[in-house]
Protein chains: 2
Amino acid sequence: MALNSTAYVILGLLDGSQRTGYEIKQIVDRSTRFFWTASYGQIYPELGRLEAAGLVEGTERSQGERKRKEYRLTPAGRQELQAWLRLAPEVLETRDEALLKLFFAGSLPDAAPKALEHKRRLHAEKLARLREIEPAVAEHATPYQYATLRFGIALSEFCVRWCEEALEELPGDGEPSNRTKRRTA
Amino acid sequence: MALNSTAYVILGLLDGSQRTGYEIKQIVDRSTRFFWTASYGQIYPELGRLEAAGLVEGTERSQGERKRKEYRLTPAGRQELQAWLRLAPEVLETRDEALLKLFFAGSLPDAAPKALEHKRRLHAEKLARLREIEPAVAEHATPYQYATLRFGIALSEFCVRWCEEALEELPGDGEPSNRTKRRTA
DNA sequence: GACTTCATGTAATAAGTTACATGATTCA
DNA sequence: TGAATCATGTAACTTATTACATGAAGTC
């Protein structure tokens, strides 16, 4: 059937519960966002395509004047989700701007500690957000969903620690004006 | 000037060396690829735009009939690179399909150990590629470039270990037919 | 002579973000 | 009554991938 990744996020979130596009977006933002994002501009058109393909089914649940369309998985949609789950995952990508700046830190004095400090801060912020949602996930989500969260937490902790250690090991650390290493190769 | 991220990868790689688009792609594939990718479809058009903006300068170095255009950084290009290095990094994104499958593992019996095994394998493969290039990087690259590589290695090791531990902690591990947890919430 | 690498580029497509437009309901 | 939240959707744009087309030079 060749669906895109957003489609599987939607199918997965609809398995067992009926949800609106808005609710799907809310859940993504509080859970999969940390390793897989989706925007309204993807979710709403994709819901339409999935409905046309018979993988989800939408029901109007408008209360009064307020429109609201709840989607649920069809048997075909569930099969599609399971078929995807059986395939070996391939995508494993990262975009880390702080690391890119560290990579090029030879082009500007003092860029390395700055990059490491910022990287540390970004991981610490992510860690804080993950810890915030932890109690709710531990109670309400599946053990697998909780496992992905614990992975995110452990990973962020590791990254924060690594940055701190790298900052300490940096030659000339502490003393701000001591910038030696330069490069022209 | 509002350049895109590919532009900075190019500027960074041209600082100190003249290179062709082809060489830039080769270097990206062996270094920044692990945290920041760029394809030919981005690199060649971007080199054209950067030249039009006066940030890089290309020189024909065709040997015989074989065309070859080497680019080098202009002073304006170097300033642009340094200005970018001074800004706080923001982008920190991950796309992890294995984690997404673990997240939805409640929708298919046995999906969780499979996802974890695949995730472990992907990290182990990445780790192997990073270790392969380590000696060359340790010798020829800047200490900052080497630092980013060591981060990649340490991170991959962490991920491999986490997957192994998670597999052990999984209820019903080892015995293949013992799949309990299901979910319909 | 065949294969690989060096080398440049474009076209088509896919994926993803952001901003906008609209409006009801709920809560303080 | 004013702000926040619920709710749907589209348009414009940016970003990125993939495949294609072309051909010289070097290697086995």
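No experiment lies behind these values; they were computed from the predicted model shown. In the text below, chain A, chain B and the rest are named by the order of the sequence lines, each starting its count at 1.
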Notebook entry, point to check: Where each residue is assigned the nucleotide of DNA chain D containing its nearest heavy atom, which of B:S5 and A:P45 is assigned the position nearer the 5′ end?
Noted result: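 Closest to the 5' end, via its nearest nucleotide, is A:P45.
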
Checklist line | Test item: B:E97 side-chain N/O and A:P89 main-chain N/O as donor-acceptor pair under 3.5 Å | finding: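 Flag not set: sc B:E97 to bb A:P89 has no pair under 3.5 Å.
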
Next item on the list: Using atom types as modelled and distance alone, determine if a side-chain donor or acceptor of B:E23 lies under 3.5 Å from a backbone N or O of B:T20.
Entry: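 Side chain of B:E23 to backbone of B:T20, a donor-acceptor pair under 3.5 Å: yes, one is there.
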
Connected via hydrophobic side-chain network under 4.5 Å: [X] and [Y]:
X	Y	value
B:W84	B:I24	yes
A:L122	A:I133	no
B:L155	A:V91	yes
B:L81	B:V28	yes

Euclidean distance, atom [atom1] of residue [X] to atom [atom2] of [N] [Å, nearest integer]:
X	N	atom1	atom2	result
A:Y40	C:dT18	OH	P	14 Å
B:R19	C:dA7	CZ	P	13 Å
A:E93	C:dA14	CD	C1'	13 Å
A:Y44	C:dA19	OH	P	18 Å
A:R68	C:dG23	CZ	C1'	16 Å
B:I43	C:dA7	CD1	P	14 Å

Notebook entry, point to check: Can you tell if the side chain of B:R95 reaches within under 4.5 Å of the side chain of A:F35, non-hydrogen atoms only?
Noted result: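 Contact flag for B:R95/A:F35 side chains = no.
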
Does a side chain donor of either [X] or [Y] reach within less than 3.5 Å of an acceptor in the other side chain?
X	Y	answer
B:R72	B:S17	no
B:T6	B:Q42	yes
A:H123	A:K119	yes

Checklist line | Contact list for DNA chain D against residues 22-39 of chain B - heavy-atom distance below 4.0 Å | finding: B:T37, B:S39

Margin query: Using heavy-atom distances to pick each residue's nearest nucleotide on DNA chain C, tell me which of A:K67 and A:N4 is more 5'.
Written below: A:N4

Item checked: Nearest-nucleotide comparison on DNA chain C, the residue closer to the 5′ end among A:Q42 and B:Y71 -> B:Y71

Item checked: Terminal contacting nucleotides, 5' and 3', DNA chain D versus chain B (heavy atom, 4.0 Å) -> D:dT15 to D:dA25

Note to self: Once you apply a heavy-atom cut-off of 4.0 Å, does A:G41 come out as touching a base, just sugar-phosphate, or nothing?
What the structure shows: base

Notebook entry, point to check: Contact class for A:R95 (heavy atom, under 4.0 Å): base, sugar-phosphate, or nothing?
Noted result: sugar-phosphate

Note to self: If the helix axis at each end comes from five base pairs, how far does the helix from C:dG1-D:dC28 to C:dA28-D:dT1 deviate from straight, to 10°?
What the structure shows: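 About 40°, once rounded to a multiple of 10°.
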
Next item on the list: Establish, yes or no, whether the cationic atom of B:R150 lies under 6.0 Å from the six-membered ring centre of B:Y146 and within 45° of the ring axis.
Entry: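 Judged by the rule (NZ or CZ under 6.0 Å from the ring centre, within 45° of its axis), B:R150 counts as positioned above B:Y146.
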
